[in-house]
Peer 1: 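Sharing a structure with you now.
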Amino acid sequence: MATRMDLDGRPIKPLTICMIGAGGFIGSHLCEKLMAETPHKVLALDVYNDKIKHLLEPDSLPWADRIQFHRLNIKHDSRLEALIKMADLTINLAAICTPADYNTRPLDTIYSNFIDALPVVKYCSENNKRLIHFSTCEVYGKTIGSFLPKDSPLRQDPAYYVLKEDDSPCIFGSIEKQRWSYACAKQLIERLIYAEGAENGLEFTIVRPFNWIGPRMDFIPGIDGPSEGVPRVLACFSNNLLRHEPLKLVDGGQSQRTFVYIKDAIEAVLLMIENPDRANGQIFNVGNPNNEVTVRQLAEMMTEIYTKVSGEPALEEPTIDVSSKEFYGEGYDDSDKRIPDMTIINRQLGWNPKTSLWDLLESTLTYQHRTYAEVIKKSMVKPIAS
């Protein structure tokens, strides 16, 4: 493998990376990238390894000596500090990050995203190890524009809704709106990491993902996740399409979101890994402001694309409206828009996303159809009584 060079023309030395949450959606794509294109080693930590099994078996794979899977839960495993000590860099991807859980499991959400992350930060700081911590765009909460009158022309001014890492305030709903339990926990761990950097010299990078989309995202309820589970919007809509059910639009699907392709986003993470001088001490938005749609528009696009990739006709009534209380339960609240400002990541790392929303949805839905369509058909066939 040819010597890799960083953005400043210096050779990149091989790293050992302790990746917490390596078996998840983002972790699986990052492990693939690291194995295929770099000489770096990965200590892959997770409770499950289903999404990275293809990287672990068989032993004859060309990178077999560069990835080790360690089955552990960071809540209560004495091996965690030793594994962090063995590595040059720790990447923490572990989280509960499904909106349906924020209302129904607020304690688990807070513990997972704040309490369980504390030892990781502590061990990195005490052992002088670099940390890349995955946060969320949810830390921004609501936009300033959402508090303006609905007919105010200022609602169209980017200053009131584009989210900037070093400038935008974090605005959450009231305490009884438990939907913000996730965002508050994530913001507090960000503040702790930042303080460790300021007071104790921790080298850190914080990543704020804006809806990373692609194959292996989340789960399909009753197939590779709990039957009663409610995944995030793209997997939720995929599940409806695979089962020929109407797509449920919460509160009419008027919220606006941006979506970025997982492979584009992983390029950004690799730049952070290999350019510490440019990434240390930084908070990075990673998203695609060009891929902005309402949730209703997303449902319409996905219905059209799924019809194309599956060859199956769309339902006569492809969507239905449901209230947020009906779908998520009491205590739900939402932000109106989430559009990332890309100035800092573009300046520091020269990164820009490339994949259009149509293309990333086509890639993802092709994968979903190929992976799940037949399994779901079989699961829906009812046995005939004799």
Side-chain angles (χ1 to χ4, degrees), residues 96-110 113 136-152 155 161 163 170-186 210-211 213 217-222 225-259 292-304 306 314-339 357 361 368:
I96 287 178
C97 53
T98 307
D101 289 329
Y102 308 159
N103 277 11
T104 57
R105 299 169 58 202
L107 282 176
D108 283 345
T109 299
I110 292 166
N113 292 292
T136 172
C137 61
E138 293 240 356
V139 297
Y140 292 109
K142 302 186 179 196
T143 64
I144 298 172
S146 68
F147 293 90
L148 297 171
K150 292 208 181 295
D151 58 353
S152 170
R155 276 182 170 255
Y161 63 80
L163 302 170
C170 302
I171 307 172
F172 302 145
S174 62
I175 296 298
E176 67 183 22
K177 301 294 187 185
Q178 297 209 89
R179 185 255 192 280
W180 300 110
S181 59
Y182 173 67
C184 286
K186 282 292 197 181
F210 281 71
N211 296 306
I213 301 298
M217 180 183 177
D218 286 0
F219 61 92
I220 297 297
S227 297
E228 69 282 2
V230 181
R232 284 170 289 185
V233 65
L234 188 125
C236 220
F237 285 172
S238 296
N239 182 48
N240 296 143
L241 291 166
L242 286 158
R243 296 178 187 276
H244 304 287
E245 298 169 348
L247 280 59
K248 293 179 179 178
L249 299 178
V250 175
D251 295 336
Q254 294 309 302
S255 296
Q256 291 169 269
R257 294 290 183 268
T258 60
F259 298 89
E292 188 202 10
V293 286
T294 66
V295 174
R296 179 176 289 277
Q297 289 169 327
L298 177 70
E300 290 166 353
M301 284 182 75
M302 288 181 67
T303 300
E304 183 179 352
Y306 190 73
L315 296 174
E316 283 189 25
E317 299 281 342
T319 62
I320 55 171
D321 289 0
V322 297
S323 70
S324 54
K325 182 179 178 181
E326 180 186 350
F327 193 80
Y328 289 118
E330 289 284 358
Y332 188 75
D333 198 8
D334 208 352
S335 54
D336 54 332
K337 291 165 78 85
R338 288 212 197 107
I339 301 178
L357 182 58
L361 289 176
Q368 301 281 58

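Computation of the quantities below employed the complete heavy-atom set of this structure, encompassing side-chain atoms and omitting hydrogens, waters and symmetry-equivalent molecules.
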Peer 1: Taking the side chain from R155 and the backbone from P149, do they hold a donor-acceptor pair closer than 3.5 Å?
Peer 2: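 Checking the backbone N and O of P149 against the side chain of R155, a donor-acceptor pair under 3.5 Å is found.
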Peer 1: If we only count heavy atoms from C-beta on, is the K142 to F147 side-chain gap below 4.5 Å?
Peer 2: yes
Peer 1: Where do L163 and F210 land on the side chain to side chain contact (heavy atoms under 4.5 Å, CB included) test, with the steps shown first?
Peer 2: CA-CA 11 Å; L163 302 170; F210 281 71; 4.0 Å; yes
Peer 1: Check side-chain contact (heavy atoms from CB on, under 4.5 Å) between I144 and all other residues, then give those that pass, not counting sequence neighbours.
Peer 2: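 I144: side-chain contact (heavy atoms from CB on, under 4.5 Å) contacts with Y160, P169, I171.
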Peer 1: Heavy atoms only: give me the nearest T109-I96 pair and the separation to one decimal.
Peer 2: OG1-CG2, 3.9 Å
Peer 1: Quick one: do K337 and E292 satisfy salt bridge (charged side-chain N to carboxylate O under 4.0 Å, His left out)? Show the steps, please.
Peer 2: CA-CA 9 Å; K337 291 165 78 85; E292 188 202 10; 3.3 Å; yes
Peer 1: Using a 3.5 Å distance criterion without hydrogens, assess whether the side chain of S146 forms a donor-acceptor pair with backbone atoms of T143.
Peer 2: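 A pair under 3.5 Å: yes.
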Peer 1: Just how far is it from atom CD of E138 to atom SG of C170, taken to the nearest 0.5 Å?
Peer 2: 11.5 Å
Peer 1: Run the side chain to side chain contact (heavy atoms under 4.5 Å, CB included) test on L249 and F237 for me, step by step, so that the C-alpha distance in whole Å, both residues' side-chain angles and the decisive distance to 0.1 Å come before the verdict.
Peer 2: CA-CA 9 Å; L249 299 178; F237 285 172; 3.8 Å; yes
Peer 1: Could you tell me which residues satisfy side chain to side chain donor-acceptor pair (under 3.5 Å) with T294, sequence neighbours excluded, listed by chain and number?
Peer 2: Q297
Peer 1: Looking only at non-hydrogen atoms, find the nearest pair between A183 and F172 and report the distance.
Peer 2: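 Smallest heavy-atom distance, with atoms named: CB-CE2, 3.7 Å.
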Peer 1: Look up atom NZ in K177 and atom CG in N103, then write down how far apart they are to the nearest 0.5 Å.
Peer 2: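 Going from NZ on K177 over to CG on N103, the span is 9.0 Å.
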Peer 1: Which heavy atom in R338 sits nearest to a heavy atom in T258, and how many Å separate them?
Peer 2: O-OG1, 3.3 Å
Peer 1: Can you name the residues that form a side chain to side chain donor-acceptor pair (under 3.5 Å) with N113, not counting sequence neighbours?
Peer 2: none
Peer 1: In Å and rounded to the nearest 0.5 Å, what is the CD to OH distance from Q256 to Y161?
Peer 2: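 If we round to the nearest 0.5 Å, Q256:CD and Y161:OH are 8.5 Å apart.
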Peer 1: Restricting to side chain to side chain donor-acceptor pair (under 3.5 Å), what partner residues turn up for T136, sequence neighbours left out?
Peer 2: none
Peer 1: Could you check whether R296 pairs with D321 (Lys NZ or Arg NE/NH1/NH2 to Asp/Glu carboxylate O, under 4.0 Å)?
Peer 2: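 Answer for the salt bridge query: yes.
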Peer 1: Check the pair S255, R257 against side chain to side chain contact (heavy atoms under 4.5 Å, CB included), reporting the backbone distance first and the verdict last.
Peer 2: CA-CA 7 Å; S255 296; R257 294 290 183 268; 3.9 Å; yes
Peer 1: Determine the minimum heavy-atom distance between E245 and L315, stating which atoms define it.
Peer 2: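 What the structure gives for the nearest pair is C-CD1, 3.5 Å.
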Peer 1: Who pairs with S238 by side chain to side chain donor-acceptor pair (under 3.5 Å), at least two apart in sequence or on another chain?
Peer 2: Q368
Peer 1: Can you measure from CG (L242) to CG (N239) and round to the nearest 0.5 angstrom?
Peer 2: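 The CG atom of N239 is 6.5 Å from CG of L242, to the nearest 0.5 Å.
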Peer 1: May I ask you to decide if L148's main-chain N or O and S152's side chain share a donor-acceptor pair within less than 3.5 Å?
Peer 2: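 Not at all, since once roles are kept as given, no pair shorter than 3.5 Å links the two residues.
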Peer 1: Could you go step by step and tell me if L298 and F259 meet the side chain to side chain contact (heavy atoms under 4.5 Å, CB included) rule?
Peer 2: CA-CA 10 Å; L298 177 70; F259 298 89; 3.6 Å; yes
Peer 1: So, taking the atom named CE in M302 and the one named CG in L241, what distance separates them when rounded to the nearest 0.5 Å?
Peer 2: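 Between atom CE of M302 and atom CG of L241 there are 5.5 Å.
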Peer 1: Can you list the residues that meet the salt bridge (charged side-chain N to carboxylate O under 4.0 Å, His left out) rule with K248, with sequence neighbours excluded?
Peer 2: none
Peer 1: About how many Å separate CG of L247 and CD of E317, when rounded to the nearest 0.5 Å?
Peer 2: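 The CD atom of E317 sits 12.5 Å away from the CG atom of L247.
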